S.K.: 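The following block contains the structure, expressed as structure tokens.
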Amino acid sequence: MRNGLKKSAQILLSIVVIIMLLLWVLWKTVPRWLPVVASHWLPGGTQLLLSGSPHWSHGVLQLPGLRYLAGDCTLATARNARLSHNTGRWALKLDVLTADTACLAKLPNSESQSTLSLAEIQQMLPAGDLSIGQLSVTPWQRYAANVQLSNLDGVQHLWVNGEALKLDAVLDGNRQLAIRSFSLTPPGSTQPVTLSGKLLLPANLDHLPESGELHAEMQTAQVPQPLDITLSWQATEGILTLTEKGSDQPLAMLPWKLNNNELQITQGQWRWPYATQPLAGGVNLTLSDWSPAFDQTNLTARLNVLTQGHNGKANVVLTLGPGRIGLLDSDLGFRLTGQANLQSTSLSASLPGQLSGSVLNPTLLLRSGSLLRAWGKPTPELTISDARWPLAGVKVSAEGVSGPLQAILKARHRFWGAFDLHLSGKSLAFWPDAGLWNFNYWGNGHLPPLNGRWDMSGKGQWHDNQISINSLSTGFDRLHYGLVDVDAPRLTLEHPLVWKRPPSPRFKPQYPDEPMAFKGDIKLVAKKIALANGGYLPPATLTLQLSGDSPDSFIMRGMLDAKPIGPIRLNGRWDGERLRGEGWWPRQQLTAFQTLLTPDLNIRLREGTFYAQSAFSAARGQGFVAGGHWVVKNGGFWMKDGDLSGLDFSLPYRLQDQVWQLGVKKPVTLRIGEVNNLVKMHNVTADLQGHYPWSEETPLTLSNLGVDMLRGHLSLSALRMPQHDAAVLKLEKINLSELFTALKPKQLAMSGVIYGELPLYVENPQWIIHNGWIKNDGSLTLRLDPQFADAMASGNFANNMVIGLLRYLEISRSDAQVSLDNLGVLTMKAKVDGVNYTDTTHGGDKEKREIDLNYTHEENIYQLWRSLRFGDNLQEWLQQQMSLPADALSKSPSAAGQKKDPTVRKEQ
């Protein structure tokens, strides 16, 4: 008996050990067998996966990780789940729960599943609490939040607390849902939308709530005051109203009605008074045949917009459907047609297309015939005659724009002139700073400020945040600005222009720490640069290397070469509004600048050196401004009738609005060692300072003008333009022998020294020289050529007497008054006192005759300059006098413009 009991105890103990061992093995292998067992209750094609074995610690069942898969897509993932039971309440805590809505499409369709009522669901929920440290649902990760759910006495209380989403709601056993507070911050906004209200939920969740009233408040930058949103309904009818706080007129009023499985909005009205012009329109919309889960429905809608602008009233209509929209998939056709007249421009559209994909992340495909046009005057300076965007084949989604992108623009700008631009390319998932867009561009136009027609063409690419211009060819038929005319300049790229923009905060950059940059090499070639004076610059090439942060901020370095001139080194910078730069012209031979001189000057450069430094600035509204310093050292050249040597020239200048400021801090200085022309000149000096063209406020002054010539000196007092007072041309110790040697008259000669002052006028309406005077400095001598004198004396007694007095005349006093008018008529009134010595018949003795001569002469100085032979004019005058009767010597003849009144006093 005892042995039997002992044996039975051993068997029972063995069974207990085996059961405990089996339970331990089952517990350790839960991750393997539990998913298999659970698959019998899960929908087909789905499975539950556990990562790690569950374990029990301090009364808490812990599960490291759990995943729920639909096909090969992870629908939900939970981490560190903890289940406990205390005082009759369950507590489930999860650190992280993530869900991916994209996997919902792989869930099997179950048509036979039964629908539980709301009361049944509430009864099935155990008393307890659910806590999720972070709940995140793709693609709305920005609304991730902490979630708390409490079920006590048949009342469910839900809290959601996140940065962009907050909710406090209570559902009681009478199907009454009270939303105490709801706050959601929309994407791209910092102001949340708030909502509160009460709903009476239906008995079954496949129906809409039976009645309710919700109030929401939203703040937006487009509306000055917060917006009040009210949704109220009873049974199958209701109204949605949107009103600015404090206003009596709603911004939108949408009455709706529910019939069976169809929701209609009929004759809805909306208005928007906050645009540049007030907008208004109507809405008609029908939703029908939605799915039991409300994730898919059929849609038909019509929305119109009324506008009134510079072309009168216009209407734009958007029609949707009939088609299907859904959270997972949509198939909805649409068409946008009509015209919108804005305040200064008009838009017209014909955009047929198709909407597909999730309604929360749709894809728009624009079909054949899609075209958007614009015209008008968007700014006072710009007039658009026609702007076109052909959009057929373009696909738009959250990932970007894909397909052909084209644009055509014909416009006229008040400053930049008329232009015609074309753009054509292809994009792939492109948004600015994301995706890829390859494009070609071309165009032409007319630029009035430079009086030239231009054309351009090239290729480029926009890849993520990098824009590249890979090829460029743009040029003008000619450019004319101020005193410069450029023949056929053309700009091309030596190396591509590349702009690496700052990464957009909307997209994750591929290289977040890569700095922004702008670089490229350009070349400008011109066939010829002609100057207004008739000179020109040989074919020129300008090369520039650009580097900086952006097209609005870069520096440039380069060279200007126009052989044999140059090269000129250039540095500059562009700040988005103004181009600034400097140029350095190295020291080089003056002969290189021969082409800059007009051929009419008949000047041939021979020797000397030149160097310069300039700075320039160009901006719209300011024009072109330049300043610098040009220097010529020891220059020399040949002229038509002589040569020049020892030329030193210093020109500090400033140019703005085609006005030259000559001599900014120091005057322009000219120094010439020697000039060999009609007469020799030495030590030529001149200083110039002021503005050209000049004005009363900005005069131009010529000073320190002087020259040594004819063994004397000529100088001019300061000449100010515009002129108020005469500038005095002073003659000092001018030697007449040197003058007559230079003029080379054949008929007469004079010797001696004179001096005088000639008041010089430049802007006088009548005079060039007025009341000037010339006097002798010591004795003067006049000699007539013997052959000329004999020929002149052969006429009659009077001729013989006059010529006898003038053959040799020693002048002790000569006083001449000189005036010259604007027509070139020179008037000279002279009084001459002198002595004539004539041979007598008594053995060669000289007879002394004292002569007083009053002489008035008028002649056109321009004719005199053309002849440059004063003696020939005097000969002509004497010939005219000898042909007159003898008694005419004591009369004043009325010959054209000439008066002669010689008086002779004979002395023994």
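Because the structure is a prediction, the values reported are computed rather than measured.
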S.K.: Side chains of Asp331 and Gln354: donor-acceptor distance under 3.5 Å anywhere?
M.R.: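 A pair is found: one side chain offers a donor N or O, the other an acceptor, under 3.5 Å apart.
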S.K.: Looking only at side chains, do Ser473 and Arg490 share a donor and an acceptor under 3.5 Å apart?
M.R.: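 Short answer, yes.
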S.K.: Can you classify the ring geometry of Trp272 versus Tyr274 as parallel (below 30°), tilted (30 to 60°) or perpendicular (above 60°)?
M.R.: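 Rings of Trp272 and Tyr274: perpendicular, as their planes differ by over 60°.
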S.K.: Find out whether Val498 and Phe518 are in side-chain contact, i.e. whether some heavy atom of one side chain is under 4.5 Å from a heavy atom of the other.
M.R.: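 Val498 vs Phe518: side chains apart.
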S.K.: Is the shortest heavy-atom distance from the side chain of Phe334 to the side chain of Leu366 under 4.5 Å?
M.R.: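 A side-chain contact exists here, since the closest heavy-atom pair is under 4.5 Å.
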S.K.: Taking the side chain as C-beta and beyond, is there a heavy-atom pair between Lys519 and His495 under 4.5 Å?
M.R.: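 Counting from C-beta outward, Lys519 and His495 never come under 4.5 Å.
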S.K.: Decide yes or no for Trp140 and Thr138: does some side-chain heavy atom of the first lie under 4.5 Å from some side-chain heavy atom of the second?
M.R.: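 In short, these two side chains do not touch, never coming nearer than 4.5 Å.
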S.K.: Mind checking whether Phe430 and Trp437 have parallel, tilted or perpendicular rings, split at 30° and 60°?
M.R.: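 Tilted: the ring planes of Phe430 and Trp437 meet at 30° to 60°.
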S.K.: Determine whether the side chains of Gln267 and Gln269 contain a donor N or O and an acceptor N or O closer than 3.5 Å.
M.R.: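 No.
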S.K.: Side chains of Glu399 and Ser397: is there a donor and an acceptor less than 3.5 Å apart?
M.R.: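 Yes, side-chain donor-acceptor contact under 3.5 Å.
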S.K.: List the steps, then state whether salt bridge (Lys or Arg N to Asp or Glu O under 4.0 Å) holds for Arg580 with Asp575.
M.R.: CA-CA 9 Å; Arg580 298 179 176 90; Asp575 60 10; 3.0 Å; yes
S.K.: Kindly indicate whether the side chain of Ser370, heavy atoms from C-beta on, has any atom under 4.5 Å from the side chain of Ser350.
M.R.: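 Not in contact.
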S.K.: Do side-chain atoms of Thr345 reach the backbone of Trp375 as a donor and acceptor pair under 3.5 angstrom?
M.R.: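 Checked: no pair found.
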S.K.: Does a donor on one side chain sit under 3.5 Å from an acceptor on the other, for Asn341 and Ser346?
M.R.: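 Distance-only check passes for Asn341 and Ser346.
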S.K.: Ignoring hydrogens and geometry beyond distance, is a side-chain donor-acceptor pair present between Gln466 and Lys500 at under 3.5 Å?
M.R.: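 Gln466 vs Lys500: donor-acceptor pair found between side chains.
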S.K.: Does the plane of the ring in Phe616 sit parallel, tilted or perpendicular to the ring in Phe624? Use 30° and 60° as the thresholds.
M.R.: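 Judged by the thresholds at 30° and 60°, the geometry between Phe616 and Phe624 is parallel.
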S.K.: Regarding Gln545 and Asp521, is there a side-chain donor-to-acceptor distance under 3.5 Å anywhere?
M.R.: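 There is no such pair (donor and acceptor under 3.5 Å, judged by atom type) between the side chains of Gln545 and Asp521.
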